[in-house]
Amino acid sequence: QVQLVESGGGLVQPGGSLRLSCAASGSVFGINVMGWYRQAPGNQRELVAAITSGGSTNYADSVKGRFSISRDNAKNTMYLQMNSLKPEDTAVYYCNAETYWRRAYWGQGTQVTVSS
């Protein structure tokens with residue numbers, strides 16, 4: 001019912017920046033909270049940042065002050081601006097959307113690699 005497509009990942013040097021995008025389509029009228037998760041090899045998937053339909057945000061402690069999540073409801077698109085990137089930020093980043101009736105949807109993921 002909801003499709004999510006991430007883009008913007010790639011290879012970046014430590015200290016660099018990337019901007020991830022997540023485009024939602026389908027039954028987008030039902031989306032409440034959206035967020036970014038990441039998963040590194042051997043690790044569990046963890047929440048990076050989340051944003052409500054009203055614009056309220058929260059971040060993992062490890063990215064506070066470096067990452068910024070935003071959302072354009074008119075364009076059905078969510079963004080993650082990633083600054084001052086560190087090697088430990090290397091992971092597959094996934095877009096997540098939760099509907100008002102608590103159903104979750106996931107994108108296919110986009111690889112972010114931070115390396116010199």
Side-chain angles (χ1 to χ4, degrees):
Q1 191 168 288
V2 175
Q3 294 80 44
L4 304 172
V5 179
E6 304 98 331
S7 62
L11 175 64
V12 65
Q13 294 184 349
S17 298
L18 285 173
R19 190 178 104 164
L20 306 183
S21 299
C22 174
S25 61
S27 300
V28 296
F29 60 86
I31 296 175
N32 182 14
V33 180
M34 298 187 71
W36 290 96
Y37 289 72
R38 67 186 181 188
Q39 186 168 22
N43 291 4
Q44 296 185 9
R45 191 170 299 184
E46 63 176 348
L47 176 67
V48 177
I51 184 168
T52 69
S53 59
S56 180
T57 62
N58 70 281
Y59 299 89
D61 288 341
S62 60
V63 306
K64 286 182 179 178
R66 299 189 298 120
F67 291 8
S68 180
I69 189 170
S70 60
R71 180 174 177 175
D72 188 334
N73 291 331
K75 295 182 178 180
N76 300 315
T77 303
M78 178 181 65
Y79 306 94
L80 184 67
Q81 180 64 48
M82 309 166 66
N83 299 322
S84 301
L85 283 162
K86 304 174 180 180
E88 49 263 48
D89 295 318
T90 296
V92 177
Y93 284 70
Y94 296 91
C95 177
N96 170 266
E98 183 179 286
T99 66
Y100 287 99
W101 46 93
R102 304 300 304 276
R103 179 166 176 81
Y105 296 87
W106 295 91
Q108 82 288 349
T110 184
Q111 177 70 49
V112 172
T113 302
V114 184
S115 176
S116 59

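Index from 1, following the sequence.
Sequence neighbours left out, not one pair with a member in residues 49-83 passes disulfide (SG to SG under 2.5 Å). For residues 70-87, no pair satisfies salt bridge (Lys or Arg N to Asp or Glu O under 4.0 Å), with sequence neighbours left out.
Judged as a side chain to side chain donor-acceptor pair (under 3.5 Å), and not counting sequence neighbours, Q13 has no contacts. Residues that satisfy the side chain to side chain donor-acceptor pair (under 3.5 Å) test with S53, not counting sequence neighbours, are Y100. Residues satisfying the salt bridge (charged side-chain N to carboxylate O under 4.0 Å, His left out) criterion with E98, sequence neighbours excluded, are R102. Residues forming a salt bridge (charged side-chain N to carboxylate O under 4.0 Å, His left out) with R66 (at least two apart in sequence, or on another chain): D89. In this view, D61 and K64 satisfy the salt bridge (charged side-chain N to carboxylate O under 4.0 Å, His left out) rule, not counting sequence neighbours.
Here the shortest heavy-atom pairing between N76 and N73 reads OD1-O, 3.1 Å. Among all heavy-atom pairs drawn from Y59 and A49, the shortest one is CD2-CB, 3.5 Å.
Q39 and E46 are not linked by any side-chain donor-acceptor pair at a separation below 3.5 angstrom, with hydrogens and angles left out of the test.
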Show which side-chain atoms of residues 16-34 pair as donor or acceptor with protein atoms under 3.5 Å away, not counting sequence neighbours.
from : atom 1 : to  : atom 2 : distance (Å)
S17  : OG     : N83 : OD1    : 2.9
S25  : OG     : Q3  : OE1    : 3.4

Side-chain donor-acceptor contacts of residues 109-116 below 3.5 Å, not counting sequence neighbours, with atom names and distances?
from : atom 1 : to   : atom 2 : distance (Å)
T110 : OG1    : G9   : N      : 3.2
Q111 : NE2    : A91  : O      : 3.4
Q111 : NE2    : T113 : OG1    : 3.3

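The hydrophobic cluster around Y94 extends to Y37, L47, V92, W106, counting ILVMFWY residues whose side-chain heavy atoms fall within less than 4.5 Å of a member.
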Between Y105 and R103, does a side-chain contact (heavy atoms from CB on, under 4.5 Å) hold up when you go through it step by step? CA-CA 7 Å; Y105 296 87; R103 179 166 176 81; 3.2 Å; yes

